[in-house]
Every structure is written in C-alpha cells, then in structure tokens.
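The block underneath contains the structure these notes are about, expressed in structure tokens.
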There are 2 protein chains.
Amino acid sequence: MKNEKMKTEVRREQIATAALQLIARRGVRGLSIAGIARQVGLVPSAIYRHFDGKDHVLDLVLDQIRQRLLDNVQAETSDSVEALRRLLFRHIKLIRESEAIPMLVFSDQVYSGRPERKARMQRIIQDYLEQVGKVVQRGQKEKALRADLDPAVAAVMFLGLVQPAAILWHLSEGAFDVTKHTEKAWQVFRRAIVRP
Amino acid sequence: MKNEKMKTEVRREQIATAALQLIARRGVRGLSIAGIARQVGLVPSAIYRHFDGKDHVLDLVLDQIRQRLLDNVQAETSDSVEALRRLLFRHIKLIRESEAIPMLVFSDQVYSGRPERKARMQRIIQDYLEQVGKVVQRGQKEKALRADLDPAVAAVMFLGLVQPAAILWHLSEGAFDVTKHTEKAWQVFRRAIVRP
DNA sequence: GTTTGATGTGAATGCATGTTCACATTACCC
DNA sequence: GGGTAATGTGAACATGCATTCACATCAAAC
C-alpha cells in the first residue's frame, strides 16, 4: 500500500542494520533480499533503490563491523595489560551482542564470493590485529610485557582466545559459559606474556 | 554414454571425497550435486542412487572429518608436553592438506541447516576437546603441567592456537606463514601451561 | 501549485540447483 | 546364459531467490 519515503542514506543504514540482525538469526546463507525488505518494511525491489545488489549490502555490513571492531580497540588507553584484559571482554561482549560478526568472519560467502570481499575481510582482521599488536608493543615499552614476545604473534593468539569460545558458544546455543571460560583463559594467557 | 557400475559403498566414498575436495576449492556454498557428479564422473541424478540428498552427503563428509581429527589425537602417546606440540603441528598439517575442515567448521550451512547437523558438529568438536583435555590431564599427573590448569580451558585455548592461524592462512591465500607462527605461538602457550 | 527527481510497488523474468522419474544398462546370482 | 536387482542416464520438474521494469506516489525545489 503506502509507505513513508525516506532519504537513501537513512534507508541504507536501516538495510545494513536489518541485514546484520538477519545474519545473526539465520546466518549469511539465510540472508535474502526479501528478508531484509520485510524487516525494513519495504518491498524487495525497493532495496535496489539504495543498493546495486545484495553484494553491496554485504559490503556496507562489513564496513559497519569493521568500525565496531576498531572502535573497540581504540577505546582502551589504560595501562597495557589492563587494556588487553578489557579489550578481551569487550570483544566477547561485542560478539554476544551481534552474533553476526563471527558468522560473517567464518562465512564462506566471504571466502568464495567476489575476491574483493575476501580482501576486505582480510584487511579488517589485519587492521584489528595491528591495533592489538600496538597495545602489546606499548606494554613492552612500559616493561609490563616480556620483551621477547612477538607483538604480531601475541595479537593472533589474542584473537585465538576469542574465536573458539565464540564458536562453542554458538554451537551450544549459549550453553557454553563464555565469560567464565574467558576469565580463566585470560589468566593463562596473561602469565605467558607478562614479564617474569 | 556408458559408465562403469560400482557398488554403492565405493560410490559413497568417492562422492564424499569429491565433496571434500570441492568444499576446499569453492567452499561449502559452492558445493553442488552437479559439481560432485562431475568430479566423480557421474550424472547428477546418479548421486541419488547412493544418498537420499545433499544433506546426507554432508553428513558423511562430517563423519570423515571427525575420524581424521580423532585419529590425529589418538596417534600421540609420547610424553604429554611433546604430545601436545606434535598434535598442534599435526593439526596444522591436517588443515593445510584439507582446507575443507575449517571451511566446514565455520560454515553457516552447518549452523543454519538441519539442527542435527549443528549438534553433530558440536559433538565432533567436543569429543576432540575432550581428547586434548585428557592429554593435559596426563601431563598434570606426570607433573609436567601446572596443577592449577583447567584441562577443559587449556583444550579450548589449544584450539585457539590453530583457528585464527587457519583463517589468516586462508584469507591471505597461503601468504601467512602458519608454521612459523605456530612455532612461536607454541612457545608462548607452552610457558603458560608447564610447571614453573 | 507545478514540476521533477527520488523513492516505493507489484508483477514478471531469469537463473541456479536440488530432486524426481521413466527408461537403459550393467553386474551378479542361480 | 537368463533373470533380477542395482546402478546409471537424460529430461523434466520444482523452488527459491536475485534482479528488472513499467508504473505509482511522494517530497522537495522553484
């Protein structure tokens, strides 16, 4: 019938947000133009007024995720070890709030889709790792972290604290206690990186 | 035209193997009955002589992966710390040889498909974690590993050593040096778990 | 208020792919 | 060797989904 008209900037945001929610609920595979349109309250063809196609919707979604991840890292400015701890729990919280993130990171839609998308995802993760690496370097300058620690390696391991937990949480439908596990895992990781 | 007839047991194996290869190449999303048939040298409809449908093909693939993973763990009987180290590198090797494994573990076809599949995947990972946990416990009995280490937590962290590396390797099209990274990461992880 | 470009709609189109079915051929059993 | 069940084939069918298009409607510029 009738439907309020909105500026394309607003719609693009709405569409990307709807896509994110749908991905969280049904996975990237279950993401359809029809589903997005329903969520936003539009008709499928209307999506094409704001995006060139499904691929471009996904691109914007990736941008949003990138932003959230990087915001997360840059929010921490306290002493480096504490910064890492907080970052870890923020990351966990972020993933719990929008399950779509691991879904997308692990989605083969990213890997087997347009090569640019794969490159973009790689960029996102590498940027994130770089930021984490910088925190580690700061910790080394502050003499809080071991000098023989490779910041890049530490950053990847840091990611490794989160990823399996996210998967288990997902697979177990929330039964796996991520917070508790992360607490313990952090203790273990911590003593591997702090100065003796 | 004409095509040699083979027992369904043989075909099922061939089909599952072909599926695994295709997944490695094009991702779970790119797995099609037509693709499998081509690879095996059959016509698409012939697949249905041996499987009830695509889902059942995936089920068998999952079984194969489960087997490979568990074989991997149970192959190690040496002293526990060394066993963990070897297991780690075996795991890396396994993933490099059949990229399909991480593809499947991360695939949303598993998460948003039939719920049984999700449960099966969960079972596979949990069984694997349990086996790793047992090695850790053995290490604790041998006084090689810290007594205050939670074996379950250690097992998940162990998985965390492999997963991000696998993803990075994949995203970077093999440019990321998994072996080198794993060497270093193992050193870090090691000093977090061995007895002081 | 009229014009005009932007946004929304409904129907139609096209494509990829899983699945079924009637029929052909082969392997195996007696 | 003849019969029979298993295996293979080609074509047709079904479906879900992205995408397009002609037309309708609204909002903002003038």
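Lettering follows sequence order; numbering is per chain, from 1.
Here B:Ala46 lies in heavy-atom contact (under 4.0 Å) with a base. Residue A:Leu31 is classed as a sugar-phosphate contact, given heavy-atom separations below 4.0 Å to backbone atoms only.
Going from atom NZ of A:Lys7 over to atom P of D:dC26 covers 17 Å, rounded to whole Å. Between the CZ atom of A:Arg114 and the P atom of D:dA18 there is a distance of 15 Å, rounded to whole Å. The interatomic distance linking A:Met6 (CE) with D:dC26 (C1') rounds to 14 Å, in whole Å. Rounded to whole angstrom, the span from the CD atom of B:Glu9 across to the C1' atom of D:dA6 amounts to 12 Å. In this structure, CD of B:Glu4 is placed 10 Å from C1' of C:dT26, rounded to the nearest angstrom. In this structure, A:Phe51 atom CZ and C:dT7 atom P are separated by 12 Å, rounded to whole Å. In this entry the distance linking NZ of A:Lys5 with C1' of D:dC26 reads 4 Å, nearest Å. Note: CG (A:Asp52) to P (D:dA18) measures 15 Å, nearest angstrom.
For A:Lys54, counting side-chain heavy atoms from C-beta on, the closest listed nucleotide (C:dG8, D:dT7, D:dT19) is D:dT19. For A:Tyr48, whose side chain is taken as the heavy atoms from C-beta onward, the closest listed nucleotide among D:dT19, D:dG8, D:dT7 is D:dT19. Taking only side-chain atoms of B:Val43, from C-beta outward, the nucleotide of C:dT17, C:dG8, D:dT9 with the closest atom is D:dT9.
Ring geometry for A:His181 against A:Phe176 counts as tilted: the plane angle lies between 30° and 60°, on a 0 to 90° scale. Ring orientation note: the planes of B:His170 and A:Tyr111 are nearly perpendicular, at an angle over 60° on the 30°/60° scale.
Residue B:His50 places none of its side-chain N or O atoms closer than 4.0 Å to OP1 or OP2 of D:dA6. An OP1 or OP2 oxygen of D:dT7 is reached within less than 4.0 angstrom by no side-chain nitrogen or oxygen of B:Asn3. Distances shorter than 4.0 Å separate none of the side-chain N or O atoms of A:Arg11 from OP1 or OP2 on C:dA6.
Nearest-nucleotide positions on DNA chain D place B:Arg49 closer to the 5' end than the other of B:Arg49 and A:Ile33.
Looking at B:Asp150 and A:Lys180, no side-chain N of the basic residue comes within less than 4.0 Å of a carboxylate O on the acidic one, giving no salt bridge. For A:Glu97 and A:Lys93, the salt-bridge test passes: some basic side-chain N is under 4.0 Å from an acidic carboxylate O. Under 4.0 Å is where a charged nitrogen must lie from a carboxylate oxygen, and between B:Glu9 and B:Lys7 no such pair does.
Contact annotation: side chain of B:Ser45 to base of D:dG8, donor-acceptor pair absent below 3.5 Å.
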